[in-house]
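Working notes, beginning with the structure itself.
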Amino acid sequence: LISITTTGSQEIGSTYTLQCIVTSVNTPTIIWKNSTDIISNTSVGIEVGDLVNDGDAWSVILTFSPLRQSHGGEYVCIAYMNFDESDITNETITVDVIIPQLQISIDEGPSISVFLGESHTLECQVIPP
C-alpha cells in the first residue's frame with residue numbers, strides 16, 4: 001500500500017512537503033520522480049529526506065523550500081522491495097503552485113510634458129501581498 005500526504009501551502013515562496021508512505025513489513029526502496037527525472041538533493045529548492053521507519057510504515061519526505069513556479073507539475077513516488085524490483089508500486093500527485101496576485105501602486109507625481117523624441121522614466125512600486 002502506498003500513499004502521499006502533503007503539508008504546507010502551495011503558494012510560491014512557501015515551504016511545501018510531500019510525504020510518500022509505504023506500508024510494508026520489509027524495507028522498501030522509495031524514490032521520487034518528476035515528469036522527466038529522479039529527484040535528488042541536487043535539484044534546486046528541493047530536498048529529499050532519508051528513508052524513515054515508523055513501525056509498519058516507511059516514508060520519504062520531499063520538501064520544496066522555497067516553493068518556486070518551476071516546481072509545479074506531477075510528482076511520482078515509486079516504491080519497490082529490494083529483493084523484487086518487479087513488484088513496483090507508485091502514486092502520483094500534482095503540485096499546483098499558487099502565484100498571488102500582486103498589487104501595483106503608482107503614485108501621482110507632478111505633471112510633466114515630454115516632447116516627441118525625448119525620453120522619460122516612469123517608476124512604479126510592486127507591493128507584495
Side-chain angles (χ1 to χ4, degrees):
L1 180 65
I2 187 170
S3 63
I4 297 174
T5 62
T6 64
T7 306
S9 167
Q10 291 188 57
E11 187 170 299
I12 198 166
S14 65
T15 298
Y16 186 64
T17 63
L18 304 176
Q19 181 179 22
C20 181
I21 302 166
V22 178
T23 304
S24 175
V25 175
N26 299 314
T27 306
T29 295
I30 300 175
I31 58 174
W32 279 102
K33 188 174 188 263
N34 62 17
S35 59
T36 57
D37 300 310
I38 292 175
I39 299 169
S40 67
N41 282 328
T42 60
S43 303
V44 176
I46 301 176
E47 180 181 335
V48 181
D50 294 328
L51 180 66
V52 175
N53 178 247
D54 184 21
D56 62 347
W58 299 84
S59 67
V60 172
I61 295 177
L62 190 63
T63 302
F64 302 89
S65 186
L67 188 63
R68 301 167 188 233
Q69 185 174 3
S70 62
H71 292 150
E74 284 194 348
Y75 290 83
V76 181
C77 173
I78 301 168
Y80 60 89
M81 295 303 139
N82 294 332
F83 56 84
D84 186 7
E85 290 187 27
S86 65
D87 185 23
I88 296 176
T89 58
N90 65 70
E91 184 72 23
T92 302
I93 190 168
T94 300
V95 174
D96 294 316
V97 178
I98 300 167
I99 303 170
Q101 198 170 23
L102 298 176
Q103 177 184 357
I104 299 176
S105 172
I106 301 176
D107 292 332
E108 290 186 28
S111 295
I112 60 166
S113 296
V114 179
F115 296 101
L116 186 63
E118 292 182 340
S119 64
H120 188 76
T121 303
L122 300 176
E123 295 182 17
C124 74
Q125 180 181 12
V126 177
I127 302 168

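Any value given below was found using the heavy atoms of this structure, including those in side chains, with hydrogens, waters and symmetry copies removed.
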Evaluate the side-chain contact (heavy atoms from CB on, under 4.5 Å) criterion for residues Ile4 and Tyr75: first the C-alpha distance (whole Å), next the side-chain angles of each, then the deciding distance (0.1 Å), finally the verdict. CA-CA 10 Å; Ile4 297 174; Tyr75 290 83; over 6 Å; no
Any link between Ile31 and Val48 through a network of hydrophobic side chains (Ile, Leu, Val, Met, Phe, Trp, Tyr) touching at under 4.5 Å? no
Say whether Glu74 and Thr92, considering side chains only, have a donor N or O and an acceptor N or O under 3.5 Å apart. no
Cluster link Ile2 to Trp32, ILVMFWY, side chain under 4.5 Å: yes
Heavy-atom closest pair, residues Val60 and Gly49: CG1-O, 3.4 Å
Do you know the tightest heavy-atom contact between Pro28 and Leu51? O-CD2, 3.5 Å
Where is the tightest heavy-atom contact between Lys33 and Ile78, given as atom of each residue plus distance? CD-CD1, 4.1 Å
With heavy-atom distances below 4.5 Å as the criterion, would you say the side chains of Arg68 and Val97 are in contact? no
Would you say CG of Asn53 has more than 12 non-hydrogen atoms from neighbouring residues, nucleotides or ligands within 6.0 angstrom? yes
Whether over 12 other heavy atoms sit under 6.0 Å from Glu118 CD: yes
Short side-chain to backbone donor-acceptor contact, Trp58 and Ser24, under 3.5 Å: yes
With heavy-atom distances below 4.5 Å as the criterion, would you say the side chains of Thr7 and Ile61 are in contact? no
Smallest separation among heavy atoms of Gln69 and Ile12, with atom names: N-CD1, 3.7 Å
Any donor-acceptor N/O pair, Ser14 side chain to Ser9 backbone, under 3.5 Å: yes
What heavy-atom pair brings Tyr16 and Thr6 nearest, and what distance separates the two atoms? OH-CG2, 3.2 Å
How far apart are the closest heavy atoms of Cys20 and Ile30, and which atoms are they? SG-CG2, 3.9 Å
Distance (rounded to the nearest 0.5 Å) between Leu62 CG and Gln19 CD: 11.0 Å
Linking Ile, Leu, Val, Met, Phe, Trp and Tyr by side-chain heavy atoms under 4.5 Å, what else ends up with Val44? none
Around Asn41, counting heavy atoms of other residues, nucleotides and ligands shown, do more than 12 lie under 6.0 Å from its CG? yes
Is it the case that one hydrophobic cluster holds both Leu67 and Ile93, taking links as side-chain heavy atoms less than 4.5 Å apart, direct or via other members? yes
Could you check whether any side-chain heavy atom of Val95 comes within less than 4.5 Å of a side-chain heavy atom of Gln10, counting everything from C-beta outward? yes
Any idea how His71 and Phe64 line up, ring-wise: parallel (<30°), tilted (30 to 60°), or perpendicular (>60°)? tilted
Does Leu18 share a hydrophobic cluster with Ile21, counting links as ILVMFWY side-chain heavy atoms below 4.5 Å and allowing steps through other members? no
